[in-house]
2 protein chains.
Amino acid sequence: MSRCENCIIRQFNSLRAMSKDELKKVSDTKVSKTYKKGDAIFEEGERLDGVFCVRDGVSKLSKLSSNGKDQIIKLATKGEILGQRSVIAEESANLSAVAIKDVDLCFIPKESILHTLNTNPNFAVEVLRHMANDLREADDVIVNMSQKTVKQRIAEAFIYLKNEFGEDDNGFLKLSLSREDMSNVVGTATESTIRIISEFKKKGMIETSGKQVRIKDIAKLQNVVSGL
Amino acid sequence: MSRCENCIIRQFNSLRAMSKDELKKVSDTKVSKTYKKGDAIFEEGERLDGVFCVRDGVSKLSKLSSNGKDQIIKLATKGEILGQRSVIAEESANLSAVAIKDVDLCFIPKESILHTLNTNPNFAVEVLRHMANDLREADDVIVNMSQKTVKQRIAEAFIYLKNEFGEDDNGFLKLSLSREDMSNVVGTATESTIRIISEFKKKGMIETSGKQVRIKDIAKLQNVVSGL
DNA sequence: TTTAAAATATGACAAATGTCAGGTTTTGAT
DNA sequence: ATCAAAACCTGACATTTGTCATATTTTAAA
């Protein structure tokens, strides 16, 4: 049902550069897997023998800090590839990947990837471009983390969730994080996150209904991010 | 005097994968440049038409935050390549590079690089590996920035300066940062940095003589980093 | 449906960090 | 050697953030 020619080509820029033959090989060796919310796809320190192409769902990529807290580095959704960095560097995973919405993905053994990398320069350059982009994003995160207040980072996170994952018919964010996950994204204590979310509610910037969150005034959130 | 066959091969892992011919072309097109302490090598937003291989000296790579403060993302020294990410992504520079110790480097026009990338898979894979490493380092920085206190980050910075740049015959750090640069590395106010450095001095962990810094008790610094 | 566990919420307080305002010392150009 | 600029330092205080304790609500399993 889901051949790589259809799935991957459409979804993953870097795999666009593969030839028909190469894609066929990937198609033949790949394995579909699903993970329930909360399931670990892989753990920090684990040796990966392939990469994971997310077909559907959302996964958090996090790293354990020496103080015992998890820092979420990135949220990966449809079209993203997990484990690529570790496979290319031939290192064990530096991040853990855990599903925060049921995840449906293809596992591609590293041999297919590495072989194509070594023989098809177009593919290598595409992967390189992709990683260059990840690196720029990481630099941006470093600046945000070190120069913005917790309040600014939380406001920014809500805007990110809206832009990246969208809203449903009722205007609720399609992806709503638990307070704890939100805390681990912005790097703060759960209580601080709860307090700031309460404040945003009081000020009419967002509203909640059970687990769901609706952004009511994105301009005000933007102002918070800008430090106004 | 300095042919790439001698300079680059020895210094830059990723360029090791170039053939004799490719290296010769680079050698022919490269340009040597020097920058005095404080000089900008390139600025954030600038279009780069090549990469810079640091032959000697130290450069800080920083990004301006929306609050007007500079965040130093990385210190680059002998053997590091600047601007590679931007050239590969075909984007303008996301960071500024400024010399903090007189810098001596080779400028290599992007054509040489891009052409080799597109034709020599070994080279592409080496560059990819290198960037995968940068990405892991960036992830580590994100975790440190968001989960460690300013004091821990400053202690860590001193240890890093010792390990990365070494000490002279008198035990002074070869690279000593101004308080302001140190603040921009760890992402805090200059006054906070000064206070913490004073505290470290009082506690006998470091001592200073003019601009120079000597680490007296690295174990104590390690303890601070570990939160003891 | 009931119920225990998890998530959310809030107060009170402590600790960390930022800001401003003024000093002193060091540096580098003349 | 002199002098102005830059770097460094310190105190006082405000703000932000973390921690602990506890209460409430929501969730999910039996």
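Residue numbering restarts at 1 for every chain, and letters A, B, ... go by the order of the sequence lines.
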- Got a salt bridge between B/Glu90 and B/Lys110, using NZ or NE/NH1/NH2 to carboxylate O under 4.0 Å? no
Can you tell me how far [atom2] of [N] sits from [atom1] of [X], to the nearest Å?
{"X": "A/Glu199", "N": "C/dG11", "atom1": "CD", "atom2": "P", "value": "13 Å"}
{"X": "B/Lys151", "N": "C/dT17", "atom1": "NZ", "atom2": "P", "value": "8 Å"}
{"X": "B/Gln212", "N": "C/dT26", "atom1": "CD", "atom2": "C1'", "value": "13 Å"}
{"X": "A/Ile194", "N": "D/dT19", "atom1": "CD1", "atom2": "C1'", "value": "13 Å"}
{"X": "B/Glu180", "N": "D/dA5", "atom1": "CD", "atom2": "P", "value": "18 Å"}
{"X": "B/Lys37", "N": "D/dA6", "atom1": "NZ", "atom2": "P", "value": "14 Å"}
{"X": "B/Lys148", "N": "D/dT17", "atom1": "NZ", "atom2": "C1'", "value": "19 Å"}
{"X": "B/Ile196", "N": "C/dA16", "atom1": "CD1", "atom2": "P", "value": "10 Å"}

Which one, [options], comes nearest to the side chain of [X]?
{"X": "B/Thr188", "options": "C/dG18, D/dC8, C/dA7", "value": "C/dG18"}
{"X": "A/Ala189", "options": "C/dA7, D/dT19, D/dC9", "value": "D/dT19"}
{"X": "A/Glu191", "options": "C/dT10, C/dT8, C/dT17", "value": "C/dT10"}

- Query: Considering the options B/Lys203, B/Lys202, B/Lys201, which one meets the salt bridge (Lys or Arg N to Asp or Glu O under 4.0 Å) requirement together with B/Glu199?
  - Reply: B/Lys203
Verify the contact: side-chain N or O of [X] to OP1 or OP2 of [N], cut-off strictly under 4.0 Å; return yes or no.
{"X": "A/Lys69", "N": "D/dT19", "value": "yes"}
{"X": "A/Ser192", "N": "D/dT16", "value": "no"}
{"X": "B/Lys211", "N": "D/dC8", "value": "yes"}

- Message: Mind checking if B/Thr190 touches a base, just sugar-phosphate, or nothing, with heavy atoms under 4.0 Å?
- Response: nothing
- Query: Contact class for B/Lys201 (heavy atom, under 4.0 Å): base, sugar-phosphate, or nothing?
  - Reply: sugar-phosphate
- Message: Could you tell me if B/Thr34 and B/Asp104 have a donor-acceptor pair between their side chains, going purely by distance under 3.5 Å?
- Response: no
- Message: Whether the side chain of B/Glu44 engages the backbone of B/Leu64 through a donor-acceptor N/O pair (distance < 3.5 Å, no angle test) should be reported.
- Response: yes
- Let me know, please, whether A/Ser146 or A/Ser198 comes out on the 5' side of the other along DNA chain C by nearest nucleotide. A/Ser198
- Knowing that exactly one of B/Met182, B/Arg195, B/Arg179 qualifies, which makes a side chain to side chain contact (heavy atoms under 4.5 Å, CB included) with B/Thr190? B/Arg179
- Query: Do the side chain of A/Arg195 and the base of C/dG11 come within less than 3.5 angstrom through a donor-acceptor pair of N or O atoms?
  - Reply: yes
